[in-house]
Amino acid sequence: MIRTAIYPGTFDPITLGHVDVVRRGMKLFDRIVIGVAENPGKGPMFDVDTRLAMVRDTFAEESGVEAVRFSGLLVDLVHQQKATAILRGLRAASDFEYEFQMATMNRRLDESIETVFVMAREDYTFVSSRFIREISSMGGDVAELVPDVVAHALRSHYGRHRSE
């Protein structure tokens, strides 16, 4: 039986912290499906097709990692993908309360679904998509915190190009 986990998020944009969580998850699961959430209410910087393309490009060389868009209940995506678990990353203790509530709610919706938490590498505990967007918008360089495809997209979005 293939052990499949869903790693959900908006990934606006995907960061190296997210990449680290997926790679850690691959030690536990045979297949990870990254669920890129369609959530227009959050006002994402990048549309869902762009975010999905960036995730797919980031993991193009990784067997066992897929990316799909989703909207609606996470448990429905878990069922659709025949997964048994939800993968979540924790950066700090402050993440735990929210993640615990989400895991409890998902378990209430379907008690057969487990949530597995992995700790982000120390190098990425301060990285969040929100900080990446904010720093980029002010001209800061975040290239060492995001995959190359994201660094390029951010430079294009803000009309800046790194001099080579």
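Summarising the geometry of Val36 relative to Thr10, their closest heavy-atom pair is CG1-O, 4.0 Å, with the distance given to 0.1 Å. Considering all non-hydrogen atoms of both residues, Pro13 and Ile132 come closest at CG-CG2, 3.9 Å. Scanning both residues, Gly35 and Phe70, for their nearest heavy atoms gives O-CE2, 3.3 Å. Residues Arg91 and Val127 approach most closely at NH1-O, 3.0 Å, considering heavy atoms. Of all heavy-atom pairs spanning Val78 and Ile86, the tightest one is CG2-CG1, 3.9 Å. The two residues His18 and Tyr7 come nearest to each other via the heavy atoms CD2-OH, 3.2 Å.
Residues Phe46 and His157 bring their aromatic ring centres within 6.0 Å.
At least one side-chain heavy atom of Val19 sits less than 4.5 Å from a side-chain heavy atom of Pro147. Looking at heavy atoms from C-beta onward, Leu77 lies out of side-chain contact with Pro8 at the 4.5 angstrom threshold. Within the 4.5 Å cutoff, the side chain of Arg31 has no heavy atoms near those of the Met26 side chain. You'll find the side chain of Asn106 reaches within 4.5 Å of the side chain of Leu74, heavy atoms only.
At a threshold of 4.5 Å between side-chain heavy atoms, the hydrophobic network of Ile, Leu, Val, Met, Phe, Trp and Tyr places Leu16 and Leu90 in two separate groups. A continuous path of hydrophobic side-chain contacts links Tyr124 to Val22 [ILVMFWY only; heavy atoms under 4.5 Å]. By the criterion of side-chain heavy atoms lying less than 4.5 angstrom apart, applied directly or through intervening Ile, Leu, Val, Met, Phe, Trp or Tyr residues, Val142 is grouped together with Phe11 in one hydrophobic cluster. Following chains of ILVMFWY side-chain contacts shorter than 4.5 Å, one can reach Leu145 starting from Tyr158, so the two form part of one hydrophobic cluster. Transitive grouping of hydrophobic side chains (ILVMFWY, heavy atoms separated by less than 4.5 Å) brings Phe126 and Leu154 into a common cluster.
Between the CD1 atom of Ile34 and the CD atom of Glu66 there is a distance of 9.5 Å, given to the nearest 0.5 Å. One finds the OG1 atom of Thr115 at 9.5 Å from the CG atom of Leu87 (value rounded to the nearest 0.5 Å). Taken from CZ in Arg133 to OG in Ser128, the straight-line distance is 7.5 Å, to the nearest 0.5 Å. Between atom CG of residue Asp95 and atom OG1 of residue Thr125 there is a gap of 10.0 Å, rounded to the nearest 0.5 Å. With rounding to the nearest 0.5 angstrom, the NZ atom of Lys82 is 10.0 Å from the OG1 atom of Thr4. Rounding to the nearest 0.5 Å places CE of Met45 at 6.5 Å from OG of Ser136.
Crowding of Met105 atom CE: a count of heavy atoms from other residues, nucleotides or ligands under 6.0 Å not exceeding 12.
Between Asp20 and Arg24, at least one side-chain nitrogen of the basic residue sits less than 4.0 Å from a carboxylate oxygen of the acidic one, meeting the salt-bridge criterion.
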(message) Is there a side-chain contact (heavy atoms from CB on, under 4.5 Å) between Gln81 and Val68? Walk through the geometry before answering.
(response) CA-CA 10 Å; Gln81 294 293 325; Val68 298; 4.2 Å; yes
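For Arg130 (side chain) and Asp12 (main-chain N/O), no donor-acceptor pair under 3.5 Å exists by modelled atom type. A donor-acceptor distance shorter than 3.5 angstrom exists from the side chain of Arg3 to the backbone of Leu28, with no hydrogens or angles considered. At distances below 3.5 Å, not a single donor-acceptor pair connects side-chain atoms of His79 with backbone N or O atoms of Asp76. With hydrogens and angles disregarded, no donor-acceptor distance shorter than 3.5 Å links the side chain of Arg88 to the backbone of Ala103.
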Side-chain polar contacts of residues 54-62 - donor-acceptor pairs under 3.5 angstrom, sequence neighbours left out - could you list them?
residue : atom : partner : partner atom : Å
Arg56   : NE   : Ala67   : O            : 3.2
Arg56   : NH2  : Ala67   : O            : 2.9
Thr58   : OG1  : Met54   : O            : 2.7
Glu62   : OE2  : Arg23   : NE           : 3.1
Glu62   : OE2  : Arg23   : NH2          : 2.9

